[in-house]
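Okay, so here's the structure we're looking at.
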2 protein chains.
Amino acid sequence: MSVPGMRRRRGPRRALTDDEILDAALDLLDEGGPDAASVRGIAARVGVAPNAVYTYFPDKAAVIKGLAERLLGGVDHDVFADRERPWRERVEALALELRAHLSAHPGAVPLMIGGPMDGPHALALNERLLQLLVDAGLDATEAAQASYLLIVYVFGSIALEVADVHRAGPLPSEPERVATRLVAFSAIPTGGFPRSAEAAATMAGYVSTEQYLWGLRRILDGIAARVATAGDVTERAAGPDGLQPAELWGQPGPPGAHPA
Amino acid sequence: MSVPGMRRRRGPRRALTDDEILDAALDLLDEGGPDAASVRGIAARVGVAPNAVYTYFPDKAAVIKGLAERLLGGVDHDVFADRERPWRERVEALALELRAHLSAHPGAVPLMIGGPMDGPHALALNERLLQLLVDAGLDATEAAQASYLLIVYVFGSIALEVADVHRAGPLPSEPERVATRLVAFSAIPTGGFPRSAEAAATMAGYVSTEQYLWGLRRILDGIAARVATAGDVTERAAGPDGLQPAELWGQPGPPGAHPA
DNA sequence: ACAACATTTGTACGATGTACAGCAAGGGTT
DNA sequence: AACCCTTGCTGTACATCGTACAAATGTTGT
């Protein structure tokens with residue numbers, strides 16, 4: 001990403017750009033994990049003194065924020081933009097695209113979920129998702145709720161996956177990740193936890209993408225039921241994941257809600 | 001990890017306990033946010049030199065890990081232990097209990113999701129959840145998938161909520177949080193994002209707990225569909241563990257029919 | 001009383017984020 | 001062409017962080 005050997009001359013006039021700094025930060029995160037993006041390291045990588053960074057960003061938090069925006073801005077909107085396709089497919093495409101994009105930079109993930117994601121690219125993505133859900137037949141309120149649910153799932157699962165893994169360098173390949181997960185599980189005194197051990201064992205056949213999609217489809221099933229409730233039957237979930245709405249409408253909440 | 005009754009006073013003047021250190025760390029996090037738990041701060045709070053902490057924990061990461069375990073160990077298992085209640089209610093109770101427990105210490109949340117949660121208390125919780133789902137009628141594999149989905153949702157939503165908020169001190173009350181969320185939304189150039197603006201507006205009537213439960217219930221709907229189809233003809237995967245739908249919702253019978 | 005030992009402290013080192021003051025190299029004006 | 005003023009970078013400095021090392025301190029078993 002960054003060009004090596006480029007010498008910077010002393011002087012004013014635009015030696016750096018914001019993007020060069022963000023590139024350097026991202027490179028460092030990819031190589032050394034979440035703690036590797038120090039201001040000094042970034043500056044050294046682009047070939048300037050540490051405090052030169054503060055010409056472009058007010059503080060380190062701003063760099064992180066810029067990085068988050070940059071990552072979100074890199075997701076391919078075309079993947080789920082086709083309004084002719086069923087909405088579930090479109091959401092799945094979006095979820096997979098986001099996961100692929102963020103998993104490529106695991107070191108950056110903890111940093112970006114550490115702060116609010118309210119930049120223009122984040123909002124644009126949210127806007128797309130909301131529109132998609134409205135297209136699917138949800139009213140505005142439920143579309144908002146559903147988008148929140150989906151966002152939580154996508155970012156939450158990536159965050160947990162990244163947290164589980166050795167936090168330096170790029171994410172290992174999926175088979176490797178499954179293996180280390182199993183190692184981690186078996187290294188634990190699972191003696192008293194038979195079901196956890198069993199889960200770890202059966203998990204071997206379900207690599208992470210499968211699991212990700214399984215959870216996502218359960219969520220889509222739940223949302224689809226609300227679509228049906230709204231009276232819009234233009235799209236009914238079909239196939240192996242098909243469901244019969246009558247069977248999954250939940251009952252009202254349990255008595256004894258929890259006090260704050 | 002420290003058992004009451006076994007007093008370890010073998011050293012010189014004053015011997016600390018792991019719990020005293022964790023208490024101090026948690027207090028600092030509650031007061032000053034995720035960055036407030038410095039080793040020096042913790043040591044000062046318990047009244048020792050900074051490096052005295054390293055007698056009890058090998059490094060700071062171990063303190064964080066101990067803290068995560070301590071928090072997870074504090075969740076009340078009785079809330080969802082009653083196997084006579086419908087499984088959905090039990091899951092909701094667990095989810096609410098976890099959320100209430102973790103939201104009380106927002107500063108600790110980013111730290112605990114930053115690393116793997118594989119301590120004994122975390123495993124015990126996972127074990128309980130898996131058992132609960134198996135009781136509900138899921139086979140071992142799908143119980144594992146479903147528990148992962150639920151865990152991602154619970155921790156992910158708490159993490160995102162915490163990230164949205166000012167990262168110091170205890171989480172504001174829910175009305176305040178909604179207000180600041182709206183402020184944050186309106187402070188953003190939502191001009192180009194009509195649906196996001198609309199979502200922010202309609203969100204006012206749906207405080208965070210409502211939203212949390214809405215998403216959780218969509219997930220439960222999706223999982224319930226798997227329970228219902230577990231013994232179905234279309235999906236022969238059930239095999240020897242196949243259960244009859246009648247037993248799946250517990251003794252009370254199909255959803256909506258069980259008595260309070 | 002003595003020795004073994006567990007615990008705490010003093011000191012120190014390297015790394016981090018960032019504030020402050022100055023210096024160099026344009027562009028704009030004359 | 002000579003000025004200066006703005007812009008961008010550097011040098012230096014400080015507080016704070018995690019933590020390693022050895023010395024000091026007190027407790028306990030013999």
Side-chain angles (χ1 to χ4, degrees), chain A residues 2 6-22 24-25 27-29 31-68 107-108 110-111 114-115 167-168, chain B residues 1-2 6-25 27-29 31-68 107-108 110-111 114-115 167-168:
Chain A
S2 54
M6 188 81 179
R7 192 145 337 275
R8 311 252 166 231
R9 66 206 172 283
R10 292 167 62 106
R13 275 307 141 251
R14 180 122 290 166
L16 268 52
T17 63
D18 291 26
D19 279 327
E20 281 180 86
I21 292 175
L22 293 181
D27 287 350
L28 288 172
L29 289 174
E31 291 168 12
D35 297 335
S38 69
V39 175
R40 295 176 135 91
I42 296 170
R45 189 155 190 118
V46 296
V48 296
N51 23 359
V53 172
Y54 292 90
T55 304
Y56 301 88
F57 297 91
D59 51 23
K60 187 183 179 179
V63 178
I64 300 301
K65 195 157 177 146
L67 199 55
L111 301 182
R167 37 192 331 168
Chain B
M1 209 56 44
S2 46
M6 181 177 132
R7 205 91 194 101
R8 63 135 87 139
R9 276 268 294 191
R10 238 186 286 166
R13 262 185 42 104
R14 178 149 49 122
L16 273 53
T17 63
D18 292 26
D19 280 327
E20 281 180 83
I21 292 175
L22 294 181
D23 281 338
D27 286 350
L28 288 172
L29 288 174
E31 291 167 13
D35 297 335
S38 70
V39 176
R40 294 175 135 91
I42 295 169
R45 190 155 189 117
V46 296
V48 295
N51 24 4
V53 172
Y54 292 89
T55 305
Y56 302 89
F57 297 91
D59 52 22
K60 187 183 178 178
V63 178
I64 301 300
K65 196 157 176 145
L67 199 54
L111 302 182
R167 32 195 337 170

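All heavy atoms count here, side chains included; hydrogens, waters and symmetry mates do not. We name chains A, B, ... by the order of the sequence lines, and we start the count at 1 in each one. In this text the structure is predicted, and so the values were computed from the model without any measurement.
We find that CG of B/Leu16 is positioned 17 Å from P of C/dA6, with the value rounded to whole Å. Note: NZ (A/Lys60) to P (D/dC17) measures 15 Å, nearest angstrom. Put simply, CZ on A/Phe57 is 16 Å from P on C/dA19, counting in whole angstrom units. Atom CD1 of B/Ile21 and atom P of D/dT19 are 13 Å apart (whole Å). Going from atom CG of A/Asp59 over to atom P of C/dC20 covers 14 Å, rounded to whole Å. Put simply, OH on A/Tyr56 is 6 Å from P on D/dG8, counting in whole angstrom units. The distance from atom CG of A/Leu28 to atom P of C/dA15 is 15 Å, rounded to the nearest whole Å.
Looking at heavy atoms from C-beta onward, B/Tyr54 lies in side-chain contact with B/Val39 at the 4.5 angstrom threshold. Between A/Val46 and A/Val53, every side-chain heavy-atom pair lies at or beyond the 4.5 Å cut-off. With contacts defined as side-chain heavy-atom distances shorter than 4.5 Å, the pair B/Val48/B/Thr55 does not qualify. At least one side-chain heavy atom of A/Phe57 sits less than 4.5 Å from a side-chain heavy atom of A/Asp18. Considering only heavy atoms from C-beta on, A/Arg45 stays 4.5 Å or farther from A/Ile42 through its side chain.
Relative to the side chain of B/Val39, the nucleotides C/dT8, C/dG17, D/dT19 differ in distance, and D/dT19 lies closest. Which of D/dT10, D/dG18, C/dT8 sits closest to the side chain of B/Tyr54 comes down to D/dG18.
Between the B/Glu20 side chain and the B/Thr17 main chain, a donor and an acceptor come within less than 3.5 Å of each other.
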Polar atom pairs (N or O), protein with nucleotides 12-16 of chain D, under 3.5 Å:
none

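Where B/Pro58 and B/Gly41 meet DNA chain D, the nucleotide closest to each residue was compared, and B/Gly41 sits on the side nearer the 5' end.
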